[in-house]
Amino acid sequence: MSFDKKDNGTTIDVEKIGSVDRHYVATDFDDFNDKLDVERYGQTKRKLSSRHVSLMIIGQSIGTGLFIGLSSPLMTSGSLSLFIGFLFWAILVIWPLMQAVGEMCSYLPIKGSFLHYCARWVDPALGFACTLIYLYTSLMFVCLEAVAFASVIEYWTDINQGVFITIAILSYFFFNVFGVNWYGEIEFFSSMLKVLLIVGLMIFALISMCGGNPHNNAYGFQHWKEGGLFRSYLVPGTTGQFLGWWSVLIYAAFSCGGPDLLGLIAGEVSLPRKNIGLAAKRAYIRIYLFYFGGIFFMNTLCSSINPELAAAKEAGAAGAAASPWVIGIKSVGVHGLDSLVNACIMSSAWSCGNGFFYGATRTAYSASLAGYLPRFFSKCLKNGAPIYCVIASFLVSTLAYLSVSNSSATVFNWFINLSTTGLLCTYLSMWWCYFKFRRALPAQGIDIKSESYTYYRAAWFVHPYMTYFACFVNALVLFFNGFWIFFPGQFSVANLFTSYFAPVLFICLFLFWKIVKKTHFRTDAEADITTGKQEIDEEEEIEKQYIADHPRKDGLIFKIWYKVADFCFN
């Protein structure tokens with residue numbers, strides 16, 4: 001398939017996105033055909049703006065993993081090991097993948113994005129496996145955050161956890177039914193709150209370490225060294241220290257997200273060529289400021305052998321009681337902030353759960369377009385909400401009630417393992433798509449380095465130098481994520497199942513679809529990188545013209561707001 005010529009076997013439907021009409025061209029491979037019946041099922045809408053995308057990408061990564069989940073790797077691995085582990089994962093895995101997704105999705109921002117790229121560029125069997133494993137992953141994250149939401153509220157009350165799980169999943173259902181425009185606004189303000197919280201905590205830690213605390217103790221970096229910069233895990237010596245650092249990567253994989261959401265929302269972003277590229281370039285804000293700064297200052301507040309932290313871990317404390325931030329704040333003599341921080345952590349957990357609920361519904365929607373799920377899942381309300389996908393996601397999220405009959409900490413760890421390994425499988429699929437994309441472009445006469453290529457392009461050193469290394473590390477962490485269960489006294493069926501269920505399921509899904517549907521791997525020349533592109537180009541030109549015909553409002557207040565918004569989001 002060439003750049004200028006489409007398959008002779010394409011079918012055309014009309015899709016209305018917002019106020020812009022466009023043609024949706026569906027591929028018609030013998031072994032893969034994505035369909036969109038607008039008259040029968042409706043469609044999702046392009047209503048996410050630049051500010052929505054920016055804060056959503058940042059906000060998805062600021063959740064319970066940063067505020068509560070760091071207590072375990074801090075105690076296991078030590079302060080510097082924790083910091084270097086997150087630094088390594090964020091810079092050498094997440095950032096290159098964000099650039100890769102930015103290149104792919106700014107070039108072809110179709111509905112389903114990387115879930116459909118797998119089938120169109122690599123093999124429909126990979127598309128089937130990636131779509132269902134990401135659907136499973138998103139639903140596990142929903143359950144995880146619902147459990148976290150309920151356990152955080154336990155800090156204030158002894159009411160049964162099931163009550164708050166019900167509140168969480170019902171609210172996810174409610175807000176997702178209202179469509180992507182409501183979702184974008186909710187996530188925008190929720191993410192802003194999380195950003196303010198982490199920035200406030202970092203400023204407090206800086207002032208406190210310099211002596212601005214009730215004890216007037218300028219303790220500086222004293223807490224970094226307490227307990228050791230590198231702590232041994234499972235075995236003594238340098239081997240144990242390395243294992244401690246390696247275990248940090250698993251927590252980093254759980255906490256540092258972003259590329260998957262950027263790919264998933266590509267079909268609902270206004271002016272996708274501009275906004276997706278901007279979001280990919282802004283990834284450093286989340287990586288360098290919030291995680292590096294957050295972990296750095298958390299280590300200054302709370303040591304890995306803090307007695308209160310160890311006691312909270314032993315007692316299975318919930319919410320702010322188990323947060324290294326709150327424990328560190330109390331240890332320097334400040335009281336009364338724990339409820340405030342707990343409230344912010346609660347909203348953070350809810351926001352992340354809402355984000356993954358959205359991801360689950362859009363993944364199910366993409367699966368129905370591709371024929372992996374029944375076509376009726378494509379049914380959308382007039383506001384663009386895929387109603388049957390929302391209902392199905394709500395029903396599966398009731399698995400969170402497992403924590404009612406088991407320890408919330410135990411169930412929380414189950415969902416961490418189940419969701420993290422599923423996400424790593426998804427990342428491997430995204431890497432496979434990207435490598436095929438970079439080979440298909442020159443094979444079909446497109447030079448990504450030429451001036452005529454106007455879409456987002458990552459820095460020259462990203463591919464192939466960083467991308468292949470990042471993919472290799474991704475695969476290693478997935479394969480060895482459950483290494484600890486094979487040491488004496490660590491093995492259990494539950495640990496084995498939660499550590500390796502996702503990769504085994506992924507392989508089984510791939511082989512099942514490969515055998516049943518008799519699919520074939522695409523060649524570089526055959527990979528479909530053009531179907532639907534012209535329609536998106538035309539749609540974007542119409543959107544640009546619409547914006548040009550509706551100039552910004554005049555007035556001092558509006559001018560100030562536009563300046564602030566452009567600085568923050570554009």
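None of the values given here were measured: they were computed from a predicted structure.
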*By side-chain hydrogen bond (donor to acceptor under 3.5 Å, both in side chains) - contacts of Ser106 (at least two apart)*: none
*Could you tell me which residues satisfy salt bridge (charged side-chain N to carboxylate O under 4.0 Å, His left out) with Arg457, sequence neighbours excluded, listed by chain and number?*
none
*Name all residues meeting the side chain to side chain contact (heavy atoms under 4.5 Å, CB included) criterion together with Ser113; count only those two or more places apart in sequence or in a different chain, and write none if there are none.*
Cys105, Tyr117, Ala266
*Which residues satisfy the side-chain hydrogen bond (donor to acceptor under 3.5 Å, both in side chains) test with Tyr456, sequence neighbours excluded?*
Gln99
*Name all residues meeting the side chain to side chain contact (heavy atoms under 4.5 Å, CB included) criterion together with Ser450; count only those two or more places apart in sequence or in a different chain, and write none if there are none.*
Asp447, Ser452, Tyr453
*Taking only residues two or more places apart in sequence, or in another chain, which ones meet Tyr465 in a ring-ring contact (aromatic ring centres under 6.0 Å, His included)?*
none
*Do the ring centers of Trp245 and Phe83 come within less than 6.0 Å of each other?*
no
_Results of side chain to side chain contact (heavy atoms under 4.5 Å, CB included) for Thr519 - residues two or more places apart only_ = Asp31, Asp123, Pro124, Ala125, Trp513, Lys514, Lys517
*Listed partners of Trp325 passing side-chain hydrogen bond (donor to acceptor under 3.5 Å, both in side chains), at least two apart*: none
*Set of ring-ring contact (aromatic ring centres under 6.0 Å, His included) partners for Phe480, sequence neighbours left out*: none
*asked:* The criterion is side-chain hydrogen bond (donor to acceptor under 3.5 Å, both in side chains); which residues satisfy it with Glu541, sequence neighbours excluded?
replied: none
Could you list the donor-acceptor pairs under 3.5 angstrom formed by side chains in residues 500-509, with sequence neighbours left out?
{"from": "Tyr500", "atom 1": "OH", "to": "Phe479", "atom 2": "O", "distance (Å)": "2.8"}
{"from": "Tyr500", "atom 1": "OH", "to": "Gly482", "atom 2": "N", "distance (Å)": "3.2"}

*Go through the structure and list residues passing side chain to side chain contact (heavy atoms under 4.5 Å, CB included) with Ala392, not counting sequence neighbours.*
Phe377
